[in-house]
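One structure below.
The shown structure was predicted, so the numbers you read here are calculated from the model rather than taken from an experiment.
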Amino acid sequence: MTSERSEAYGRVMRTLEDVGPAKLTDSERDRVRHAADTLFFAEDLGTDSDARDAVSDITALARHLVESERWLDETARKLLQDVLAAGPLAPVA
């Protein structure tokens with residue numbers, strides 16, 4: 001666990017508070033929270049299938065928010081970056 005991961009996790013939680021139900025449905029907020037929690041407690045993306053699934057899901061959600069024109073691309077990318085930064089570094093191939 002690093003301070004950078006903790007700070008990223010905090011940014012995700014603040015974003016969820018800031019946008020609230022006006023910008024995300026309850027199920028979408030749950031998905032963001034679940035992804036952030038899963039990644040925050042993951043040790044290795046290479047061996048943790050739950051963490052990889054969380055990355056796929058949060059990426060799909062961010063894409064959906066932009067494609068449905070509910071969020072700007074920049075805003076969705078920032079959320080995605082923060083969620084991913086809460087997790088371990090991806091293994092180098």
Review point. Is there a donor-acceptor pair closer than 3.5 Å between any side-chain N or O of Trp71 and the backbone N or O of Leu24?
Key: no

Practice item. Taking all non-hydrogen atoms of both residues into account, name the closest pair between Arg5 and Ala86 and its distance. Key: NE-O, 2.9 Å

Revision key, fill the gap. Rounded to the nearest 0.5 angstrom, the OH-CZ distance for Tyr9 and Arg14 is 12.0 Å

**Study point:** 4.5 Å side-chain heavy-atom contact, Asp53 and Asp57
**Key:** no

Exercise for review: May I ask you to decide whether Arg77 forms a salt bridge with Asp73, counting only side-chain N to carboxylate O separations under 4.0 Å?
Suggested key: yes

Review point. Would you call Arg52 and Asp48 a salt bridge, taking side-chain N to carboxylate O under 4.0 Å as the test?
Key: no

Revision key, fill the gap. dist Lys78:NZ -> Gln81:CD (nearest 0.5 Å) comes out at 6.5 Å

Revision key, fill the gap. To the nearest 0.5 Å, atom CG of Leu84 lies from atom CD1 of Ile58 at 8.0 Å

Review point. When you measure from the side chain of Arg70 to the backbone N and O of His64, does any donor-acceptor pair fall under 3.5 Å?
Key: no

Revision key, fill the gap. Tightest non-hydrogen contact, residues Leu72 and Val66, listed as O-CG2, 4.0 Å

Review point. Of the non-hydrogen atoms in Arg11 and Asp82, which two are nearest, and what is the gap between them?
Key: NE-OD1, 2.9 Å

Review point. Do you know the tightest heavy-atom contact between Asp44 and Gly46?
Key: OD1-N, 2.7 Å

Review point. Just one of Lys23, Glu28, Arg29 clears the side chain to side chain contact (heavy atoms under 4.5 Å, CB included) bar with Thr25, so which one?
Key: Glu28

Review point. Do Leu45 and Leu39 have side-chain heavy atoms sitting under 4.5 Å apart?
Key: yes

Study note, to complete from the structure: Between Ala42 and Ala51 the two heavy atoms that sit nearest each other are CB-CB, 3.8 Å

